Protein chains: 2
Amino acid sequence: MSECKVETALEILTGKWKPKILFQLLNHKTMRFNELMRMIPGVTQRMLTQHLRELEEQDIVTRTVYAEVPPKVEYSISDYGSTLVPVLQTMDAWGRKHAEHIQNRDETN
Amino acid sequence: MSECKVETALEILTGKWKPKILFQLLNHKTMRFNELMRMIPGVTQRMLTQHLRELEEQDIVTRTVYAEVPPKVEYSISDYGSTLVPVLQTMDAWGRKHAEHIQNRDETN
DNA sequence: CTGTATCCCCCTTGATACTG
DNA sequence: CAGTATCAAGGGGGATACAG
C-alpha cells in the first residue's frame, strides 16, 4: 500500500444496509424492491430506497424500471459492481476468523 | 459467502481516522502518540485517543506505556492485527481501480 | 408496488480547555 | 508528552404518513 485508498472502498460499503443489500443481490442475482424489503429484516422503505440509490449512483447496482401497472422495479449487481465480489469475500472470510478470535479471547477469561 | 460477516470487518475499519491510523502504523511499524498526530492531518487528540482505544480493545493495535517522565507511549499493529493486512490490501487495490473507473466515467460526459 | 415527504433522535465528530 | 472533560454541531438513520 503506497497510499491509502482503503477509504474509497469503505465509502461504497458504508451504510447500515448496504452489505445486506449486496449480499441479497449476490445470492438472488435480481430482486424486486419488496423482495429486498422482505429479505432484509428491519429496513424501512426510506432507507432501502436511499441506499439503493447510492449504490446505483456508484455504478454498483443496476436499477431497471418496467413500464407496467402496478410498477415493477428490479435491482441487480452491475457488471462493474461484480468487481467488488473478491473484496467482499476477503472481508467476509476475515470476519469469520475474527468471530472465532473473539470467542477464544472471551473463553480464556 | 454463505452468510454475511462483511459487517464484522467493517466494524473494525469504521471510524473516520481508523484507516489512516492503520496505514501509518503499517508503514512505520511503531509510533508514538504525537507522531501519529503529526502524520494524520486534521485529527484531534480526542479522536485519535478514542480510535486508538477502540483498535486496542479489538486486539488490532498494541499500546505500550513506558514508565518515564515525560510520558512515552508507543503504538503498533498487533500480531493479530496483521491478519487484517490482506483485507486492507484487497480494499486498497479495489479503491485504486475504482478511482480510475470514476475518472473514465466522468471523462465520457 | 415502489416509492416521497416530514419530523425527530442519537451518535459520531469537532472545538476547546484542562491535567498528571 | 499523552492524554481527559465538557459542550456543541451535523448527519445518518428511524417512524410515520402520503402518493403515482
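Each chain gets a letter, A, B and so on, in the order the sequences are listed, and its residues count up from 1. Keep in mind it's a predicted model, so treat the numbers as computed, not measured. Values below: every heavy atom of this structure, side chains too, minus hydrogens, waters and symmetry copies.
Atom CZ in B/R63 sits 8.5 Å away from atom CG in B/L52 (nearest 0.5 Å). The distance from the CD1 atom of A/I21 to the CE atom of A/M39 is 13.0 Å, given to the nearest 0.5 Å.
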| task | Please step through side-chain contact (heavy atoms from CB on, under 4.5 Å) for the pair A/L48 and A/W17, ending with a clear verdict. | result | CA-CA 7 Å; A/L48 183 55; A/W17 309 99; 5.9 Å; no
| query | How far apart are the C-alpha atoms of A/E54 and A/K18, what are their side-chain angles, what is the distance that settles it, and do they pass the salt bridge (charged side-chain N to carboxylate O under 4.0 Å, His left out) test? | reply | CA-CA 9 Å; A/E54 289 172 10; A/K18 284 186 189 171; 2.7 Å; yes
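Atom CD1 in B/I40 sits about 15 Å away from atom C1' in C/dT13, given to the nearest Å. The separation between A/R38 atom CZ and C/dT2 atom C1' is 13 Å, rounded to whole Å. Across the protein-nucleic acid pair, A/F33 atom CZ and C/dG3 atom P stand 6 Å apart, rounded to whole Å. Here C/dC1 presents its P atom at 14 Å from CG of A/L36, a figure rounded to the nearest Å. B/E74 has its CD atom 9 Å from the P atom of D/dA2, to the nearest Å. Separating the CD1 atom of B/I21 from the P atom of C/dT13 is a distance of 10 Å, rounded to the nearest angstrom. Residue B/R53 contributes atom CZ, which lies 17 Å from atom P of C/dT12 at whole-angstrom precision. Taking atom CG of A/N34 as the reference point, atom P of C/dT2 lies 5 Å away to the nearest angstrom.
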| Protein proximity profile, nucleotides 5-20 of chain D - base contact B, sugar-phosphate-only contact S, no contact -, cut-off 4.0 Å on heavy atoms | -B------BBB----B
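Among the atoms of the strands shown, none is found under 4.0 Å from any heavy atom of B/Y66.
Of the side-chain N and O atoms in B/Y75, one or more sit less than 4.0 angstrom from OP1 or OP2 of D/dG3.
By the 30° and 60° cut-offs, the orientation of the rings of B/Y80 relative to A/H98 is parallel. Relative ring orientation between B/Y75 and B/F33 is described as tilted, the plane-to-plane angle lying within the 30° to 60° band.
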